[in-house]
Amino acid sequence: MSSYFTDLAQQYIDGEWRPGTGSWDIIDFNPYDGEKLASITIATVDEVDDAYRAAERAQKKWGATNAYARRAVFEKALAVIDEREEEITEVIIAELGGTRLKAAFELHLVREFLRESVQLALRPEGKIIPSPVDGKENRLYRVPVGVVGVISPFNFPFLLSVKSVAPALALGNGVVLKPHQNTPIAGGSLVAKIFEEAGLPGGLLNVVITDIAEIGDAFIEHPVPKVISFTGSDKVGRHVATVCAANFKRSVLELGGNSALVVLDDADIDYAVDAAVFSRFVHQGQVCMAANRVLVDRSVQAEFTEKFVAKVRTLKTGDPRDPQTVIGPVINSSQADALSGVVEQAIAEGATALLHGTATDNLVEPSVLTGVPAGSDLLRQEVFGPVVFLVPFDGEEEAVEIVNDTPYGLSGAVHTADVERGVNFAKQIDTGMFHVNDGTVHDEPLVPFGGEKHSGIGRLNGETTVDSFTTTKWISVQHGRSRFPF
């Protein structure tokens, strides 16, 4: 087991590693074998305050630091990850139940976003805007918001913490990070350790490992942070947005999804099968962009279904440390129970299980279901695990209607031999992202990432990250003399 689980089982506040002072501990378990990885005494409201105050103090100097100097920290962070790659991989496998393939995928994306943060430090640009007033010059400055609060999820905790933390820091802000209780190391103290080794000044990044049962809304209500970046469920996201609005804060919400991968009548079936299997079963289906629903034109339904089920049968479920394993454990027993409940409900509603996976502890084998009634709530909600619904359709118009019949609008994909047909189809979908002839799971540093409807508010990546973590300030200069009416 990585030494990170013993060395980093603490809070990181104002550049110091220290225990929390709460009255109970968060126990960090391996979801595959139940091994206890760490015991972390939770942070209290006082420690949340300490963290935000430290970030506020440190940010003033950091925000005034030359952007070229700030870049060096991110370049060193990349080097630290290269040096510690095997240890970080072990953390992802042990704490998340991620496979080696998943760990490599997550590390790759973390590197990409850190490389972008190197450039992001230099991205903000000011403007001089014309004025209708003689002698007046309007200067528009792009400045840091000050302090950003980040709340990350359990499924890609390392990536989704870094994805907000790194650009917020690069743009001159201080940060307080609260990782998910199931992934306190990968999503929290590991990130702090990397930036500490990279030479980030103390106090700029703080990590509080805690629970709302202890701190309530203190993390998002605190007066210091001006922006809260939250990744998680739409239910919690709605609450975060409400509290932020009541406290005049900006919120960036990356929430759940119910993506569909659509196979039109002229698709390359073998390729569409590969894309659909990956889109549904990567990291056990615990991905907000995962294809919960696979829609297939009836003219190719038989061929696609046969090949899809055959490929899913080949996916090995088991120990995530085994390089041959494709599907490791889901994050906890409640998640496993919920997935079994989804399959049972679908069958009770009249669905047919073309593949009915069993669940052993947190290991949930794939299930492929067809014939779920069109009005079922199961087709409209997010299913966070290796369960997929095959849905036939007759023609593009019906496919568009089915895809849009959900409160979510995050990602999706369509497969067709005609690229422009695919683009026209994509334009009709109420979603933040859609892909032609590819999978549903994509994230790139320069492309705006985010959803519509219940899938979130705001965007991250590239210029949209600059918009999220900075604000504009108008300073006017009157070179002549203004005339006043009295």
Side-chain angles (χ1 to χ4, degrees), residues 52 109 113 145-168 171 173 175-183 187-188 208 212 215-222 224-259 286-290 292 380-382 384 406-412 429-434 440-445 447-471:
Y52 274 129
L109 285 173
F113 279 96
V145 294
V147 175
V148 176
V150 177
I151 304 172
S152 64
F154 67 78
N155 58 337
F156 276 76
F158 188 38
L159 169 64
L160 295 175
S161 291
V162 168
K163 186 176 171 177
S164 285
V165 167
L171 292 164
N173 299 289
V175 176
V176 179
L177 168 64
K178 178 194 169 300
H180 194 279
Q181 299 92 306
N182 287 126
T183 50
V208 289
I212 58 171
I215 66 167
D217 287 334
F219 190 88
I220 46 182
E221 285 181 336
H222 197 282
V224 165
K226 300 300 186 291
V227 175
I228 300 293
S229 178
F230 170 83
T231 306
S233 72
D234 58 309
K235 179 182 177 182
V236 179
R238 183 190 297 272
H239 180 72
V240 171
T242 301
V243 175
C244 284
N247 288 274
F248 299 96
K249 298 179 190 295
R250 195 188 309 168
S251 59
V252 181
L253 306 176
E254 302 290 345
L255 309 179
N258 182 19
S259 299
Q286 297 176 121
V287 183
C288 57
M289 296 170 280
N292 288 355
R380 305 180 73 250
Q381 69 187 37
E382 181 174 44
F384 222 56
T406 175
Y408 299 99
L410 186 59
S411 185
I429 308 303
D430 300 329
T431 185
M433 306 174 287
F434 209 84
T440 62
V441 180
H442 293 283
D443 196 359
E444 297 180 11
V447 184
F449 182 102
E452 298 296 326
K453 301 190 284 189
H454 290 196
S455 288
I457 297 173
R459 296 289 187 270
L460 290 176
N461 302 358
E463 290 298 333
T464 58
T465 297
V466 177
D467 293 339
S468 294
F469 298 141
T470 65
T471 189

Heavy-atom closest pair (S152 atom, L177 atom, distance to 0.1 Å) is OG-CD1, 4.1 Å

G256 to S455 - nearest heavy-atom pair and separation
O-OG, 2.6 Å

Please list all pairs passing the side chain to side chain donor-acceptor pair (under 3.5 Å) test where one or both residues lie in residues 231-252, with sequence neighbours left out.
D217-H239, D234-Y408

State which residues pass side chain to side chain contact (heavy atoms under 4.5 Å, CB included) with [X]; sequence neighbours excluded, sorted by chain then number.
X    : result
E452 : R459
I429 : V400, V403, N404, F425, T431, F434
C288 : E382, L410
L460 : K163, S164, S229, V252, E254, T465, S468, F469

Has [X] got a side-chain atom pairing as donor or acceptor with [Y]'s backbone, closer than 3.5 angstrom?
X    : Y    : value
T440 : M289 : yes
N155 : Q286 : yes
T406 : R380 : yes
N173 : G146 : yes

Are any of the side-chain heavy atoms of [X] and [Y] separated by less than 4.5 Å?
X    : Y    : answer
S259 : S411 : yes
I220 : I151 : yes
T464 : F449 : no
F113 : N461 : yes

List the steps, then state whether side-chain contact (heavy atoms from CB on, under 4.5 Å) holds for I228 with V243.
CA-CA 10 Å; I228 300 293; V243 175; over 6 Å; no

Going by ring-ring contact (aromatic ring centres under 6.0 Å, His included), name the residues that satisfy it together with Y52, two or more places apart in sequence or in a different chain.
F219, H222

Mind checking the [atom1]-[atom2] spacing from [X] to [Y]? Nearest 0.5 Å is all I need.
X    : Y    : atom1 : atom2 : value
C244 : I457 : SG    : CD1   : 9.5 Å
K178 : I212 : NZ    : CD1   : 7.5 Å
E221 : I215 : CD    : CD1   : 10.0 Å

